[in-house]
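Report on the structure given below.
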Amino acid sequence: FNAGFSTGKPWMKVNPNYTTINVAADLQNPDSVLNYYKEMIQLRKANLTLVYGKYQLILPRHKEIYAYTRTEGDDTILVVANLKGEPTTFKAPRGLKYKATELLIATETVDGHENPRNFDLKPYEARVYRLK
């Protein structure tokens with residue numbers, strides 16, 4: 001009923017695709033948007049650097065990529081997101097120092113041997129790394 005969101009009368013019309021796109025289906029799909037958001041919330045709760053760390057925008061003039069770091073003590077988290085519908089390449093700025101990364105979460109399957117300083121992003125792809 002109402003795509004699994006409510007037993008009450010909705011104020012908006014329910015989309016006709018609710019029989020295939022709904023809460024029950026998303027809960028069963030490990031790659032669903034719902035489950036990705038749940039993973040992001042858990043990641044934020046488990047990493048206080050994401051909450052309290054000092055924010056620094058690292059590619060302020062890039063037209064496709066929104067990238068920033070959060071740093072708390074010795075812990076630095078890098079967030080990289082392609083905000084466009086076209087592929088693009090992330091190139092770490094010279095001032096961002098790190099030798100290796102640990103992938104914490106990504107919207108796409110990522111090759112673990114990828115160069116952490118220069119990598120391709122698919123349309124609307126996002127990644128979160130711990131820098132080492």
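Not measured: the values here are computed from a predicted model.
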Quick one: do [X] and [Y] end up in the same hydrophobic cluster if we chain Ile, Leu, Val, Met, Phe, Trp and Tyr together by side-chain heavy atoms under 4.5 Å apart?
| X | Y | answer |
| --- | --- | --- |
| L104 | I65 | no |
| L48 | V128 | no |
| L103 | L131 | yes |
| I77 | I58 | no |
| Y124 | L78 | no |

**OP:** Begin with the C-alpha distance, continue with both residues' side-chain angles, and end with the deciding distance and a verdict on side chain to side chain contact (heavy atoms under 4.5 Å, CB included) for I105 and M40.
**Re:** CA-CA 8 Å; I105 193 170; M40 285 194 312; 3.8 Å; yes
Original post:
Where is the tightest heavy-atom contact between R94 and K97, given as atom of each residue plus distance?
Top reply: O-NZ, 3.2 Å
Original post:
Of all heavy-atom pairs between A25 and T20, which one has the smallest distance, and what is that distance?
Top reply: CB-O, 3.6 Å
**OP:** Would you check, one step at a time, whether the test side chain to side chain contact (heavy atoms under 4.5 Å, CB included) holds for E64 with L121?
**Re:** CA-CA 10 Å; E64 292 91 22; L121 291 163; over 6 Å; no
Subject >> Flag, side chain of T107 to backbone of A126, donor-acceptor distance under 3.5 Å >> reply: yes
**OP:** Indicate yes or no for a side-chain donor-acceptor contact from N15 to the backbone of N17 under 3.5 Å, with no hydrogens or angles considered.
**Re:** yes
**OP:** Keeping to residues at least two apart or across chains, list the salt bridge (Lys or Arg N to Asp or Glu O under 4.0 Å) pairs with something in residues 103-121.
**Re:**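 Listed by first then second residue: E108-K122, E114-R127.
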Subject >> Inter- and intrachain pairs under salt bridge (Lys or Arg N to Asp or Glu O under 4.0 Å), touching residues 70-86, at least two apart >> reply: D75-R130
Original post:
Distance from T69 atom OG1 to K54 atom NZ, nearest 0.5 Å?
Top reply: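 It comes to 8.0 Å.
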Original post:
Hey, what do you get for CD1 (I41) to CG (L43), rounding to the nearest 0.5 Å?
Top reply: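 Going from CD1 on I41 over to CG on L43, the span is 11.0 Å.
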**OP:** Flag yes if more than 12 heavy atoms outside Y55 fall under 6.0 Å of its OH atom; otherwise flag no.
**Re:** yes
Original post:
Hey, does V110 have a side-chain heavy atom less than 4.5 Å from the side chain of E125?
Top reply: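 E125 reaches V110 side chain to side chain.
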Original post:
Please, which pairs that meet side-chain hydrogen bond (donor to acceptor under 3.5 Å, both in side chains) have at least one residue in residues 22-41, sequence neighbours excluded?
Top reply: S32-N35
Original post:
Under 6.0 Å between the ring centres of Y129 and F90?
Top reply: no
